[in-house]
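The block underneath contains the structure these notes are about, expressed in structure tokens.
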Amino acid sequence: MEKEITRESEANTKEFLAEAEEIVESLNSDLMRLAGSGKADPALLNNIFREAHTLKGLSGMFGFTAMTSLSHNLENLLDSLRLGKIDLSPSIIDLLLEAISIIHTLLEMRNTGKEDISVEEIIDKINSVVSDQGRKGASDAPSTIDKAIMNVLTEYEEHRLNESIKVGLNILKVQSSFPIMSFDQGLAELTAILKDKGEIITTLPTPGFSPGDTINFDIIVATQIAKETLERAIDNLEIKVSLAVKPAKELPGAEVEKVKAGIKLPSLDEQALKVEEKSAKEGIKSITHSVRVDISKLDNLMNIVGEVVMLKASIGGIAETLKTRDGSVGLAGELSKTVKILEKRLYELQQGVLESRMVPLGQVFEKLSRTIRKLGREIGKEVDLVLNGAETELDKHIVEELANPLIHIIRNALDHGIEAAEERRRAGKKEKGLIKVSAFQKGSHVVITVEDDGRGIDPDMVLRKAVERGLAEKGATLKREQILDFMFLPGFSTKEEVSEISGRGVGMDVVKKNITDLSGMVEIETEKGRGTTVMLILPLTLAIVKALIVEVAGSVYAIPLNAVLENFVLEPSKIETIETSEFVYLRDTTLPLIRLCNFFQLSGNCENGKYVVVVGLAEKKLGLVVDGLRGQQDIVMKSVGKRLEEVKGIAGATDIGQKTILVLDVGDIMDECMKGQASYRLAKG
Amino acid sequence: MSYNVLIVEDSPTIRSLIITTLEDVGDFKFVETGSGFEALKILPRERFDLIVTDINMPDINGLELVSFLKKSDLYKDIPLFIISTEGSKQDVAKGLALGANEYIIKPFKLEELQRTVLKYLH
């Protein structure tokens, strides 16, 4: 029993972390909206307050003291903001963002079991902003509202109502009745009209005429328009509009008088229920139509699907064998057919599981806009960040791993790419720089580009640096993209690039490694004086890939099919040689050849190459020479052991049949062939 | 005999915490929702032995739900708990004034919830 409880509470803690993380994410995006709008939208502020409040409740339940006290203070600050005690300013938004980022760190630490960091500093900062007067009760505000309604209003709702009366808005009551099982649609329609005309203070449900079947809603709206105008807007005789409170401006004189007038108003009965600004429909939908699943469960499901795919292949093999036996041909045919159907269904299952792992890039984009905001201020450059394609979906794992490389690229763009305002003016550019991040799907890949309109990179300068560092020979004629590729080498930097804030983050070599670890590819395009574009090409998903199975010197390898462009038979007479490197002409362009046998230094005869597998990522192409082609197959990638991790050109391993074979890392092979070896010239197709 | 409990709380984590806590001390069935509106639609469909609601929710607040329940002949006798994060004292007072049977403040001790629930069901 003891154990059972522990297991359960562990599961609960996991759930807590997942939910808290979700709240932090939506806090972030709401704060960005708030920063973007530049004004204190009450609905948005209240939503942000609610999120902080939920976070406080959650962390309290799980004994997470640091987070509880930080979110408690955050809640106080937000409360003062929504009650109008403190004005919203950019520095307050920054403070809020900072607090959220610390909460995020706390969550990560909790997740990894590390010690909590201290939150005292940020709490002090928050407290110095929140005025010493403390939380002022809503009872301090003039209360002209009927007690029965006040009884169901939270402190904040009371405040909104009093505010509306104070500024002289009409407070109207809208009475409606709906069938209980389908009230949400009618109520949402009515709510939409009312929101258009003013602010909904509260929506009060009361039992209807026949309590099991109908339900009544009395909505209190604060609006500038008159009762009759609202009646016309609603245009429904069954919905009654009446005056709930006389406008405050018609009630000059002592506060006491107002209170009395309010209480005496006959049209306010004991009913009110409140709809916050979020639509009712939306609220219900999100609860009934989605579930949150631990990513490890999906990983597990994915593995099982992968194994079933393998089993299917074995069954297919058995069917083929059976066909050759006398007396089993008919049965073997049946089996083949069934396997075909199984294959189709399995494919759908696989796609379904893959789809459930897909998340939009939006959350990463939000991080980017925060970074730009912060960094821009730090280094005093003004820049517009344009984000396109936030809805583009990628595997969750990939999306998570993308944040750091993208942030680094953007930092580079802002720090090194975008010029100071003065320099931009001289160059005839707008003073404010522009960084554009776009994402879109292209076939089985997602392409993400980060484009800036800064000073660009001078290839000559890069080459000079490369020569200085002994990476290229003096006087070597290298293609433009070969030169730019030097920037991805570890520790490579050009003097012009180093600035006062460089030294933070990782270099482009790490960006490249992060992206190739995701089976992706990085490209740079730049034009001096006009700007730089960094392009990331990523697979949609990591887990199951189609692969071409090839034979080389008695060994079997898998080449991910998404990198394979075509295959052809190698005619030895067509091979041309420059220095030690071989190439063939393929439709008028040169295609460098790599004998995999040589590449992996396999023992045996390396002259048996019969086929060329043309692989390419982005613009580059390379021909891999192999001895035999075994056809396509779905493979499940597994990581290789530590021993093989260092071997260049291997992405992982996979099981086919009873055997484990290696999966090639095409990007890695292409890089290896590029690196320091002017001998292998990569064709540009 | 199993008890049917309606949980209205917008945090799924707190919902499942309440569920796992109560499952340890009795035979319970649960209907859960994070929306006050959804709760209004669920209520006529089943008979409940206990209703637990939060205050802070995205559509209607818990006080408004309590007001509705305690005014309705169909539901006014069902034990009704408000479980809410330490908020203003005013809210606590209002909840109890509207007829809530218990007002439990988060963070609460799991045993406290178990004890309080059993008090009403046995």
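The figures here come from the full heavy-atom set of this structure, side chains too, leaving out hydrogens, waters and symmetry mates.
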Does [X] pair with [Y] as a salt bridge, N-O distance under 4.0 Å?
X       : Y       : value
B:Asp10 : A:Arg50 : yes
B:Glu32 : B:Arg15 : yes
B:Glu23 : B:Lys29 : no
A:Arg82 : A:Glu75 : no

So what's closer than 4.5 Å to chain A heavy atoms on B:Ile55: side chain, backbone, both or neither? side chain

Contact origin within B:Leu69 toward chain A - heavy atom pairs under 4.5 Å: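 Neither the backbone nor the side chain of B:Leu69 comes within 4.5 Å of chain A.
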
Pick from A:Thr68, A:Thr54, A:Leu58 with the largest number of heavy-atom pairs that fall under 4.5 Å of chain B: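 Top option by heavy-atom pairs under 4.5 Å: A:Leu58.
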
